[in-house]
Structures are given as C-alpha cells and as structure tokens.
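Comments concern the structure below.
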4 protein chains.
Amino acid sequence: MTIGPPERAVARTKVIMQATLALAQESGYAKLSIEAVAARAGVGKHTIYRRWPSKGLLFLDSLLSLNEPALNFPDTGDVLADLRQQAYAAVDLLANPPWGPLYQALVGEAQHDPAVAAGLGERFIRPQTDRTIVRLKAAQDQGQVSPGLDLDLVMAILSGPLYFRLLITQEPMTHDYVDRVFEAIFTGLSPRH
Amino acid sequence: MTIGPPERAVARTKVIMQATLALAQESGYAKLSIEAVAARAGVGKHTIYRRWPSKGLLFLDSLLSLNEPALNFPDTGDVLADLRQQAYAAVDLLANPPWGPLYQALVGEAQHDPAVAAGLGERFIRPQTDRTIVRLKAAQDQGQVSPGLDLDLVMAILSGPLYFRLLITQEPMTHDYVDRVFEAIFTGLSPRH
Amino acid sequence: MTIGPPERAVARTKVIMQATLALAQESGYAKLSIEAVAARAGVGKHTIYRRWPSKGLLFLDSLLSLNEPALNFPDTGDVLADLRQQAYAAVDLLANPPWGPLYQALVGEAQHDPAVAAGLGERFIRPQTDRTIVRLKAAQDQGQVSPGLDLDLVMAILSGPLYFRLLITQEPMTHDYVDRVFEAIFTGLSPRH
Amino acid sequence: MTIGPPERAVARTKVIMQATLALAQESGYAKLSIEAVAARAGVGKHTIYRRWPSKGLLFLDSLLSLNEPALNFPDTGDVLADLRQQAYAAVDLLANPPWGPLYQALVGEAQHDPAVAAGLGERFIRPQTDRTIVRLKAAQDQGQVSPGLDLDLVMAILSGPLYFRLLITQEPMTHDYVDRVFEAIFTGLSPRH
DNA sequence: AGGTAACCGAGACGGTACGTCGCGTCTTGTC
DNA sequence: GACAAGACGCGACGTACCGTCTCGGTTACCT
C-alpha cells in the first residue's frame, strides 16, 4: 500500500539498463547506440529519450545500477592497512570486467560531456571519497594523520596513481601495484626514510 | 635538387591541422567531424582519410602539432625544486587554453580508441616521462632518491594527483595545488613528519 | 426528464470539431494531427478515437458541422436561372474561406481514403445532387429539359467544370466563370447556335 | 562524346522511379514512404532527398516517367469525332491500372501540396490541354467552333465531367460515359435540340 | 614542350544513427 | 465511471557523418 512510481515505469527502466550494459559489454561504449539499446530492450526510442537526455547519462545510470560489490571501508584501527584494503577493493572492481572497461569508458565520456562529468562526480566519486574521508578523519582524530591535512588532497594522492594507470598508461592494475604505491608514498621517496 | 617531402603535402597537412584545432576549440571535440574539417580546410575528405585513419588520430596529430611551449626539465641540483618546476610547467600548459581542454578531450578519446591511447602514450606521455626520469636518475645517482625506487612509479605518483584533478574532479589546476601535493607527499602524511 | 444524447458528450464533440477546424485553417489539413486536436480541445486522445476512426472522417464531420449557408435551391419557374443561382451559391461557398480550402483538402483526402470518399459522397455530394435533381425533374416534367436525359449526368456536366477549376487548375472561381460555363453549354459550342 | 549528367545519376534516378511506382501500386500512395522507396531501390535516403523535396513530387515524377501511351490527338477533319477519340484515350488511360489509381492519388495529393499542384498543372495538365486546344483552334479556323469561344473553357467543359466521375463519385469511367457526356453537351440539354 | 600519371576539390553514394513527431493502444489517477 | 493526461511500441521523418567511390581539373614530372 505504498505510493511510488508506477511499476511499469520501473520495469522499463530496468530492462533498458540491462540492455545498455549488455550492449556496452559486447561492443564497447563507442559503438553503443540508443537505437540499438531500444531494439534490444524491446522498447521505443522515445521511452529512452524520455528518461535520459544523452547516451552518456544513460550509460552512467546503467553502470551505477550495477550495485557495486560494496567497496568496503573497514576500520580496524590501523589506518594504513584500512586504506590499503580500500585500494585493493577499488582495484578489484576497476581492474576486472564488467566494471573495469565500462568505468574507463565512462570516465572517457566525462571528458567530452560535462553532464556526465557532473553526474560521475556527484554520484560516484563524491560518495566514494566521502567514505574514505570519514576513515581519514577518524585517523586524524586519533593522531595517525597530520592534523591540518586536506583530506580531499589525500584522496587525490592515493587515487591519482591508480587513475594514472587506468587511464594514461592503461597497464593492468594489481594489488602489487597498490603495494608499491603505498610503500613509495608512506615509506618515503628519499633515501633517508 | 633538394630532397624532402613534397612541399604541397606539408602545406596541406598544416592547413588540416589548423582547421582541426580551430573547430575543436570552437565547438569541442565531441562535435568535431572530418566532414567539417575538410570543408574548413578547403580540402577533399579523401585527402584527410589518406593521411589519418580516424578522427582521434587526426586530433592527436593536430594537438601535438601545437609545438608545446617546451616543458622545461631543469637540473639545478635540487631535485625537488626541479620536479616542482616541471609540475608548474605542466600545470601552466594543461590548465589553460588552448591545450587544457583539448588535452582533456584527447585523454577522453584515448579511453574509447586504443589507437589513440597508444599514440598518446608513445608520442606524448612516454617522452615526457622519459625526460623526467632522466632527472630522477641523476638524483638517484646523487643519493637524493632511494636507490631501488621504480622511477616510473615516482612519475605516476607525481602525475597522478594532477590527472585526478584534470579528469575526475575537473577542478582548476594551480601552482598552489602543486605545492600542496608536493608538501603532502614529501613532508609526509603522518604527523611525525 | 428529457430524453436525448448526454449533453456532455455533445459538448465535447463540439469542442473537438472547433479545435479541428481551427487547426486545419491555421496550418492546413496536411499538418493536422489528432494529437494536436486533442491538445487544442483540452481532451484526451482516447476521447477522439472513441468517436472517429481516422483523421479524415474527423475532418469530414468537422467540416459538415459548419452549417453550410444553406445552399438555396430556388424554383422560380426558370430552370436555367435557378441552376445558375445554385451555381453562384456553390461558388460563393467554395471560393471563399473557410469552406473553400477545407473542402478542397477534403476532396483530396477522399482520393486517399475510401471511407472519406464514401462519407463525402453520401453526406454531402448525394444530398446536394438530389436537391438539384428535384429541380431538374420538375423542369423535365414541364418540358424544359429533354425527357430521357440522365439527370445525374446533367449534374456532372454542370458541376464538372467547377470542380475542374477547384481541383485541377486551381484558379479562382467566380460568378463570371459560372456565366461563361453556362453560356457555352446552353448557347452551344458550335457556331450555328 | 556528348556531355550530360553522369550515367550513374541517371541510373539511380531510374531505379528510384521504379521502386516508387512498384510500392505505390502495391500498397497505395498513402502508405508510400521515402524510407521504403530507398530500401526497395537499394539506395540511401539522402539520394532521394537530394533529388526531390517531398514525397509528392517524387511521386509526380515517377508517374510521369511512365511514358504515357501517347494520348493521340488526331485531326481527321471532324472535330467532334476527334475530341471523342481524345476522350476515349484519356478514359482508357485513367480508368485502368497502373495509371488510374495512381493518377487519382496524385490529384489528391495536389490538394494538400501546392508544389504538386503546380507540377501537375505545368507538366501534365497544361501540355495535354495545349494539344487539345491546337485541335480546337484548327476547328475554329474552319468555322466548326464558335469564333470567340474561350478554348480553355471548352477543355474544362469536356474534362470536367470526367474528373467529376474520377474524383467525386468515383464511379467507373467508360467509353459509354464519354458518349453520353458528348451527346448531352453537343446534342443539347433542352428538348428543342 | 607535350604527355601522362599522380594528386586533389568536390561531392555523390550506401549506410547507420540521430532526435522528433504522430500513430493508435494502454495505464494511471482525478473529479 | 468517464475522462485528461500522457506513457508506450512502433514507424517514419528529415538531417548529419561515416568511409568509399567517381568525376574532372589541375600540377609536376618524364621523357
């Protein structure tokens, strides 16, 4: 006896998401077309255009509809270990299908379409970052992290090398890579460390 | 009796590059079309297809044809200061038109087109990285950098946060941001530093 | 305690007719759409489809709902003069808005849609013709018209040139044209007449 | 060694005409679509739009590309007999497939689209009329037709009843009908004739 | 100097997809 | 319980580019 959006609409949305993901995985985002999504979903094109203004935002929604395997944000008391766990989880997600290639394409699209960039930022990056920052804040309160440190900056420093690998060098991301990044950053780059 | 590439071909290539850049700056890479480039350049479409196999590679070439303001890679003996200078130069380039938005679009395209990714890697990222590594190697030899350190990894750690800003959060990049990244990385994230 | 059609239904029909006519006059029959009629009339599309099976028949009804200015069919005893009066009246109707262009469009639609052709024949042409034939019959009885003559044929001969002008040459129809047609037909085409 | 339009273009035009006629005969003009013509002709839609601005004009051209079986315009010296022959020929053409239904649809379209009306007038009606008028002029010179008579008007009077039948009552057109029209017009409608 | 081959602009061409419109059918929720 | 509002599958619209393909009209090179 709850009130909400008509079930029909929900069902359409769902089938469209699935068709989008299926086609994106089969042929890649570049060859994805709204026409093909509509055909695959057994849906009129207008039903898609009614919900999404562009291919990019459709794709963003469909990717986010894959309920991410709950990137865990543990708090064991050891902030370094916890961050490493988060990084492992992120790598596990981004280095493997289906997320990996799709996410890469999504970030690519964000460079062409400001609306996608905004959506990606608000709906994926920001929440993800916030949860990391919660952990960092706790560590900061316990004196494990420099008091005045900009925690968004820490996020950028920890994530940056991963994105560099995903997007720029496009080499495989592994736990080992995470380990080496962490070691370099936290053990220090200078010989005296 | 000079030997070299036919001058006309060179001239044509040049006008195509210029047309590509002009259109990309006016309307953005997403709306760029080979059709429009040909029209703007006063050139047959075939003349473009003869030289470039795809829009992405045409765009890559045209961007690289902007002789980058020679990112300088100084060696003053102070490796940290030199790296910072490099970062400043990179930010000056990437944070401002025309390079900034165009480069962002190029990296975006590299996510959709492996050929662009390869070209970008070989012709821009790799050389850039190599020159940085030369400087790091020198520092390493002088004992200013940990002996066993993977210098490609250092590059990733230094560049990563900048790319994160450029591509993910899409916030403005400034010298101040570089300073804060360097301070966090080299002064250390833990309170004891 | 009166018996009759529900008044609300009548009212709704009326507003639909008006909307149809208004749109047809504004944009022409070709651009008329049931969608637009419903919107203009402030009525659900279903309400229209419940009453009319096609755009053509809706338009036919709406045109006939304009109570034609009672084409008069006089009987003054002079059949030629009376027919001429009828022709004048027809021209007055068909040569001027709103009837003129709308009727022309309706006849056009009748060429594409047999249902419209049938409706037009039964509900406009046939009654009109019948009333003319009544007058002709009287004249025939009085010996003013050849006894064996097919009066439907006479109708075709008198109307034909008017329709030719309306539909084929699409030149303006005037009383003068009627006069010239009548003179040629009744005075005769050969010089001996 | 003549100069003219490229053969390829001529060939395309021809195959498009044929596809248009085939589809129009199969499904009727109302259901004809440029999309379907393109598919049937094995041609891109743009190739059609490059040549014709509307479905109506495409159809007009395709109908006229059926080289009409040379409606003959004889001159035997007997103008009445010659006109009757012309009328027979017209009826033979318009009363039978393929011309009949297609021509009817074309005249219908002319009521919705001024461009079609103009084309029809200039490219079919006018030439047809002119040839009839040539015959009438000769008769007039020989004193078989009233000297001052508007010959366009004669054409309207002779054609009108045929078009009335084709378009309004939509009954079959036969030689017999022609005979009855001619008898009524030329023998006279009044009993004294 | 003339002949010929390569190159070029222009753009036609078969396609694919775009984003929009209207069809006729179907919910949904309101009055 | 009738009805406005409009979602829906569908088909077609007219447009934009794709990458390939003629088509003539210069170059520019080689006898």
Side-chain angles (χ1 to χ4, degrees), chain A residues 3-13 15-16 30-39 41-55, chain B residues 6-9 11-12 15-16 30-39 41-55, chain C residues 6 8-9 11-12 15-16 30-39 41-55, chain D residues 3 5-13 15-16 30-39 41-55:
Chain A
I3 288 192
E7 300 213 5
R8 213 177 22 143
V10 173
R12 303 288 164 201
T13 298
V15 66
I16 292 169
K31 291 188 181 173
L32 190 65
S33 77
I34 290 186
E35 193 114 11
V37 171
V43 135
K45 285 200 288 178
H46 195 52
T47 301
I48 296 180
Y49 283 111
R50 196 180 293 123
R51 290 168 163 78
W52 295 276
S54 70
K55 182 175 104 166
Chain B
E7 297 218 3
R8 273 199 315 148
R12 248 173 260 280
V15 68
I16 292 170
K31 292 189 181 172
L32 189 66
S33 75
I34 290 186
E35 198 110 12
V37 171
V43 134
K45 289 201 291 177
H46 202 55
T47 302
I48 296 181
Y49 282 109
R50 199 178 298 124
R51 291 169 164 78
W52 294 275
S54 72
K55 178 175 108 166
Chain C
R8 270 199 315 151
R12 246 174 262 279
V15 68
I16 292 170
K31 292 188 180 173
L32 189 65
S33 76
I34 290 187
E35 198 109 11
V37 170
V43 134
K45 288 201 293 176
H46 202 55
T47 303
I48 296 181
Y49 282 110
R50 199 179 297 124
R51 290 168 163 81
W52 294 274
S54 72
K55 178 174 108 166
Chain D
I3 290 191
E7 299 212 7
R8 215 179 18 145
V10 173
R12 304 289 164 200
T13 298
V15 67
I16 293 169
K31 292 189 182 172
L32 189 65
S33 77
I34 289 186
E35 193 114 12
V37 171
V43 136
K45 285 201 287 178
H46 194 52
T47 301
I48 297 180
Y49 284 110
R50 195 179 295 125
R51 291 168 162 75
W52 296 276
S54 71
K55 181 174 107 166

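Everything numeric in this text was worked out from a predicted model, so none of it was measured. Each chain gets a letter, A, B and so on, in the order its sequence line appears, and its residues count up from 1.
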Atom-pair distance ([atom1] on [X]; [atom2] on [N]), nearest Å:
| X | N | atom1 | atom2 | answer |
| --- | --- | --- | --- | --- |
| K55(C) | dG22(E) | NZ | P | 10 Å |
| I48(B) | dC17(F) | CD1 | C1' | 13 Å |
| Y49(B) | dG11(E) | OH | C1' | 13 Å |
| E35(A) | dA17(E) | CD | P | 7 Å |
| H46(A) | dC21(E) | NE2 | C1' | 9 Å |
| I34(C) | dC21(E) | CD1 | C1' | 14 Å |

Tell me which nucleotide among [options] gets nearest to the side chain of [X].
| X | options | result |
| --- | --- | --- |
| T47(B) | dG9(E), dC18(E), dC13(F) | dG9(E) |
| S33(D) | dG9(F), dC17(F), dC13(F) | dC13(F) |
| V43(C) | dA4(F), dG19(E), dC8(F) | dA4(F) |
| R50(C) | dC18(E), dC8(F), dC3(F) | dC3(F) |

Sequence-distant partners of [X], side-chain contact (heavy atoms from CB on, under 4.5 Å), two or more places apart:
| X | answer |
| --- | --- |
| A30(B) | H112(A) |
| T47(C) | R12(C), I16(C), V43(C), R50(C), R51(C) |
| A39(B) | none |

request  = Could you pull out the closest heavy-atom pair between A38(C) and G44(C), with the gap in Å?
outcome  =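 Of all heavy-atom pairs spanning A38(C) and G44(C), the closest is CB-C, 4.2 Å.
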task = For L32(D) and for P53(B), find the nucleotide of DNA chain F with the closest heavy atom, then tell me which residue's nucleotide is more 5'.
result =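 Looking at the nearest nucleotide for each, L32(D) comes out on the 5' side.
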query = Nearest 0.5 Å, what's the OH-NE2 distance between Y49(C) and H46(C)?
reply =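 The OH atom of Y49(C) sits 11.0 Å away from the NE2 atom of H46(C).
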Under 3.5 Å, which protein N or O atoms sit close to an N or O of nucleotides 25-29 of chain F? Give each pair with its distance.
unit_1	atom_1	unit_2	atom_2	d
dA28(F)	OP1	R8(B)	NE	3.1

request  = Remember a base hit wins even if backbone is also touched, and classify R12(B) as base, sugar-phosphate or nothing at under 4.0 Å, heavy atoms.
outcome  =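 It contacts sugar-phosphate atoms only.
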First of G42(B) and G44(D) reached from the 5' end of DNA chain E, by closest nucleotide = G42(B)
key: Toward the 5' end of DNA chain E, by each residue's nearest nucleotide, R51(D) or S54(A)   = R51(D)
message = What I want to check is whether an N or O donor and acceptor connect the side chain of K45(C) with the base of dG24(E) at under 3.5 Å.
response =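 Donor-acceptor pair under 3.5 Å: yes.
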query = With K45(B), which residues qualify under side-chain hydrogen bond (donor to acceptor under 3.5 Å, both in side chains), at least two apart?
reply = E35(B)
